[in-house]
Amino acid sequence: LRSGQLDFIEAPPPDAVQSLKSAGFQVITNTYGHNWTWQLSYLEGSPFRDLRVRKAINLAIDRSGMKELLGGLMEEGAGLLPSKHPWHGTPSFKLTYDPAAAKKLLAEAGYGPGKPLKFKCGISTSGSGQMQPLPMNEFVQQNLKDVGVEVEFVVVDWNVLLGYWREAPSAHDIQAINVTMAALDPYTALIRALKSDRAPPNGNNWGHYSDAEADALCSQVYETFDPKAQEALLIKLHEHAVNNCAHLFVAHDLNPRALSPKAKGFIQAQSWFQDLTRVSVG
């Protein structure tokens with residue numbers, strides 16, 4: 001890009017953004033349907049079957065600190081959907097940074113200095129929509145260590161991780177997995193992660209999340225064709241996901257792109273898909 005060989009790149013490194021802007025390059029971002037989470041195992045024996053543990057790890061994450069690490073190229077994790085999404089709702093559980101509350105909840109669940117919570121998480125070195133997975137996951141790992149949680153990473157290639165994602169957590173002895181997902185419609189945003197019959201090999205409910213309220217709401221969404229009524233159900237479903245800490249919610253990508261000064265006409269849609277037909281170079 002700097003040498004003029006390219007006019008448009010995806011996902012510029014966060015530490016290059018200011019120098020690119022200073023050199024006259026365009027750095028364009030926008031909110032879109034994206035979640036960067038750790039999906040959690042709910043199989044027998046998993047610590048994440050305890051809501052106190054799930055709340056604790058969510059309260060342990062310094063999302064504003066991660067935003068600073070990424071040079072502002074993210075929104076703080078607000079659930080399976082960004083905070084301004086029309087289906088976000090108003091969850092009663094707040095995804096704040098509160099290490100003291102996290103330690104208290106872990107103690108209530110039976111964990112502490114003499115018995116730390118330990119688990120393995122599958123992550124990738126790179127991949128579609130994964131943002132900057134190695135520094136981001138190391139940041140989460142350190143946040144969790146600060147409240148007494150010890151995380152061991154199983155680091156694999158992106159396509160290998162996708163294979164793990166389509167199998168039960170027990171297949172690879174991991175209790176969490178970091179696969180970011182597009183949130184384009186009711187199914188991709190919510191249902192595939194929350195409906196119990198979408199567990200592998202039938203879908204992407206990797207952790208086998210199973211809750212009667214979530215299943216009932218998903219079924220009602222399928223059967224409701226009035227847009228306003230369906231939206232009300234989707235809001236309830238997302239509030240359920242956040243209130244029950246169904247995942248470890250960390251970030252939402254802003255989908256940054258860097259363009260040369262010669263590139264004109266690009267308007268970034270709030271989508272994984274972009275229209276390049278209006279772009280000209282010259």
Side-chain angles (χ1 to χ4, degrees), residues 31-43 46 48-61 63 74-98 101-102 105 109 129 165 176-200 202-253 270-272:
T31 302
Y32 73 121
H34 174 278
N35 69 56
W36 197 101
T37 72
W38 286 6
Q39 285 180 264
L40 308 172
S41 171
Y42 290 86
L43 297 183
S46 170
F48 302 118
R49 291 166 70 97
D50 190 325
L51 177 58
R52 295 170 297 186
V53 173
R54 303 198 303 273
K55 285 185 173 180
I57 62 172
N58 272 283
L59 292 171
I61 306 305
R63 296 169 183 84
M74 62 163 267
E75 290 187 16
E76 295 182 26
L80 294 173
L81 296 165
S83 60
K84 295 180 182 178
H85 194 284
W87 303 338
H88 184 271
T90 53
S92 58
F93 181 75
K94 304 304 178 186
L95 293 167
T96 57
Y97 177 47
D98 193 339
L105 284 164
W165 195 39
I177 194 168
N178 172 224
V179 175
T180 63
M181 294 195 288
L184 305 177
D185 52 60
Y187 182 79
T188 58
L190 298 168
I191 292 171
R192 65 171 169 168
L194 300 172
K195 201 167 190 295
S196 61
D197 65 6
R198 296 294 87 201
N202 298 323
N204 299 130
N205 180 1
W206 173 84
H208 292 244
Y209 183 79
S210 180
D211 183 276
E213 180 186 15
D215 280 344
L217 286 167
C218 289
S219 295
Q220 290 175 61
V221 169
Y222 280 147
E223 298 162 2
T224 302
F225 300 98
D226 175 75
K228 288 186 177 179
Q230 188 183 76
E231 182 174 286
L233 291 168
L234 292 167
I235 288 171
K236 287 183 180 179
L237 186 56
H238 188 258
E239 290 173 344
H240 168 93
V242 177
N243 290 337
N244 285 275
C245 295
H247 294 182
L248 174 58
F249 304 114
V250 180
H252 306 287
D253 195 7
Q270 289 184 299
S271 172
W272 285 65

Side-chain donor/acceptor of [X] to backbone N/O of [Y], under 3.5 Å:
X: H34; Y: D253; answer: yes
X: W206; Y: S41; answer: no
X: D211; Y: E213; answer: yes
X: R49; Y: Y42; answer: yes
X: R63; Y: F249; answer: yes
X: Q39; Y: N204; answer: yes
X: S46; Y: F48; answer: yes
X: H247; Y: T37; answer: no
X: T224; Y: V221; answer: no
X: T180; Y: G129; answer: yes

- [ ] Check the pair N244, F93 against side-chain contact (heavy atoms from CB on, under 4.5 Å), reporting the backbone distance first and the verdict last.
- [x] CA-CA 8 Å; N244 285 275; F93 181 75; over 6 Å; no
Open item on the list: Checking S196 now: which residues fulfil side chain to side chain donor-acceptor pair (under 3.5 Å) with it, not counting sequence neighbours?
Closed with: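 Partners of S196 by the side chain to side chain donor-acceptor pair (under 3.5 Å) criterion, ordered by chain and then number, come out as D215.
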Please set out all donor-acceptor pairs under 3.5 angstrom arising from side-chain atoms of residues 74-91, sequence neighbours excluded.
residue	atom	partner	partner atom	Å
E75	OE2	T31	OG1	2.2
H85	ND1	W87	N	3.0
H88	NE2	A78	O	2.9

Distance (rounded to the nearest 0.5 Å) between [X] [atom1] and [Y] [atom2]:
X: I57; Y: L248; atom1: CD1; atom2: CG; value: 4.5 Å
X: H240; Y: L190; atom1: NE2; atom2: CG; value: 10.5 Å
X: I235; Y: Q230; atom1: CD1; atom2: CD; value: 11.0 Å
X: D185; Y: L234; atom1: CG; atom2: CG; value: 10.0 Å
X: D197; Y: S219; atom1: CG; atom2: OG; value: 7.5 Å
X: H238; Y: N243; atom1: NE2; atom2: CG; value: 10.0 Å

Indicate the atoms forming the closest heavy-atom contact of [X] with [Y], along with that distance.
X: I191; Y: Y222; value: CG2-OH, 3.4 Å
X: W38; Y: A176; value: CE3-CB, 4.3 Å
X: A214; Y: Y209; value: CB-CE2, 4.1 Å
X: W272; Y: A183; value: NE1-N, 4.3 Å

Task: Audit row: D226, K228, salt bridge (Lys or Arg N to Asp or Glu O under 4.0 Å) steps and yes/no - done: CA-CA 6 Å; D226 175 75; K228 288 186 177 179; over 6 Å; no
- [ ] Please report the C-alpha distance between R192 and M181 in whole Å, then the side-chain angles of each, then the deciding distance to 0.1 Å, and finally whether the side-chain contact (heavy atoms from CB on, under 4.5 Å) criterion is met.
- [x] CA-CA 10 Å; R192 65 171 169 168; M181 294 195 288; 3.4 Å; yes
Task: Lys/Arg-Asp/Glu bridge criterion (N-O < 4.0 Å) met for R52, D50 - done: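 Yes.
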TODO: Show your working on side-chain contact (heavy atoms from CB on, under 4.5 Å) between L40 and R54 and close with a plain yes or no.
DONE: CA-CA 9 Å; L40 308 172; R54 303 198 303 273; 4.1 Å; yes
TODO: I would like to know whether I177 and W165 meet side-chain contact (heavy atoms from CB on, under 4.5 Å); could you show each step before the answer?
DONE: CA-CA 7 Å; I177 194 168; W165 195 39; 4.2 Å; yes
Task: Heavy atoms from other residues, nucleotides or ligands near NZ of K94 exceed 12 (cutoff 6.0 Å) - done: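 Counting other residues, nucleotides and ligands, NZ of K94 exceeds 12 neighbours.
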Task: Side-chain touch N205/L194, heavy atoms, less than 4.5 angstrom - done: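 N205 does not reach L194 side chain to side chain.
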